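Read through the structure below, which is laid out as structure tokens, and then see the notes.
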Amino acid sequence: DVQLVESGGGSVQAGGSLRLSCAVSRYTFTDGCLGWFRQAPGKEREWIANVRTLDFDRDTRYAVSVRGRFLISQDKDNGTLYLQMDRLQVEDTAMYYCAARKESICGGAYRQSDYYFWGQGTQVTVS
């Protein structure tokens with residue numbers, strides 16, 4: 001089965017930066033879609049970004065709440081998915097998850113149900 005393992009979370013002051021990583025293994029879809037979600041306490045899990053794997057970092061989408069501050073990318077050599085988070089805000093505090101689709105279409109893939117494979121999450125706390 002596909003395995004996704006997130007890392008890089010931690011505590012940071014508002015205005016700071018963090019880079020999350022998601023080690024992706026056994027994802028054999030050369031034209032697939034990988035994404036990042038987050039879930040704050042008491043809130044629903046929310047989509048924040050995705051990238052089409054065929055095009056690596058050229059075909060990306062972002063939620064309005066993070067556009068211009070977060071950058072999703074994928075390493076061409078080892079397939080690791082990244083989320084560079086800059087100008088972090090207290091409202092960004094959440095558990096962050098990477099996820100993978102079985103389909104290549106990233107456009108419109110904003111729901112949890114659009115993604116089949118999930119990691120266990122990494123906590124980001126902004127104070």
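Predicted model only: the values in this text are computed from it and were never measured.
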Under a single-linkage definition using a 4.5 Å side-chain heavy-atom cutoff for Ile, Leu, Val, Met, Phe, Trp and Tyr, are Val2 and Val51 assigned to the same hydrophobic cluster?
-> yes
May I ask you to test the Arg38-Asp92 pair for a side-chain heavy-atom distance under 4.5 Å?
-> yes
What one should report as the nearest heavy-atom pair of Ala94 and Ala40 is CB-N, 3.8 Å
Atom pair OG (Ser11) and CG (Leu18), whose distance is rounded to the nearest 0.5 Å = 8.5 Å
Heavy-atom closest contact (Phe70 atom, Tyr62 atom, distance) = O-CE2, 3.3 Å
Arg52 side chain to Cys106 backbone, donor-acceptor under 3.5 Å = no
May I ask you to test the Ser17-Gln84 pair for a side-chain heavy-atom distance under 4.5 Å?
-> yes
Measure the CG-CD distance between Asp31 and Glu103 for me, rounded to the nearest 0.5 Å.
-> 11.0 Å
Is there side-chain contact between Asn50 and Phe37, with at least one heavy-atom pair below 4.5 Å?
-> no
Does the side chain of Ser65 reach to within under 4.5 Å of the side chain of Glu46, using non-hydrogen atoms?
-> yes
Val126 reachable from Ile48 in the ILVMFWY side-chain graph, under 4.5 Å edges | yes
Of all the heavy-atom pairs spanning Leu81 and Ser73, show the shortest one and how long it is.
-> CD1-O, 3.3 Å
Leu34 side chain reached by Tyr115 side chain, heavy atoms, under 4.5 Å = no
Tell me whether Leu71 is reachable from Leu88 by hopping between hydrophobic residues (I, L, V, M, F, W, Y) whose side-chain heavy atoms are closer than 4.5 Å.
-> yes
Kindly indicate whether the side chain of Thr53, heavy atoms from C-beta on, has any atom under 4.5 Å from the side chain of Val24.
-> no
When rounded to the nearest 0.5 angstrom, what distance separates CD in Gln120 from CD in Glu6?
-> 7.5 Å
Does atom CZ of Arg26 have more than 12 heavy-atom neighbours from other groups under 6.0 Å away?
-> yes
Arg101 NZ/CZ over Phe29 ring centroid, <6.0 Å and within 45° of normal = no
Are Ile72 and Val124 in one and the same hydrophobic cluster, where Ile, Leu, Val, Met, Phe, Trp and Tyr link if side-chain heavy atoms are under 4.5 Å apart?
-> yes
So how far is it from Trp36 CH2 to Leu20 CG, rounded to the nearest 0.5 Å?
-> 5.0 Å
Indicate yes or no: at least one non-hydrogen side-chain atom of Gln123 is less than 4.5 angstrom from one of Thr93.
-> yes
Would you find more than 12 non-hydrogen atoms of other residues, nucleotides or ligands less than 6.0 Å from Asn78 atom CG?
-> yes
Give, for atom CD of Gln39 and atom CD of Glu44, the distance between the pair rounded to the nearest 0.5 Å.
-> 8.5 Å
Over all heavy atoms of both residues, which pair between Ser104 and Cys33 is shortest? Give the atoms and the distance, please.
-> O-CB, 4.1 Å
For Tyr27 and Gly32, which heavy atoms make the closest approach, and how far apart are they?
-> OH-CA, 3.3 Å
Residues Ala109 and Ile105: closest non-hydrogen pair is CB-O, 4.0 Å
Roughly how far, to the nearest 0.5 Å, is the CG atom of Asp1 from the CZ atom of Phe117?
-> 6.5 Å
4.5 Å side-chain heavy-atom contact, Tyr97 and Gln112 = no
Heavy-atom donor-acceptor pair, Arg61 side chain to Tyr110 backbone, under 3.5 Å | no
Would you say Val66 and Tyr96 are hydrophobically clustered, going by side-chain heavy atoms of ILVMFWY under 4.5 Å?
-> yes
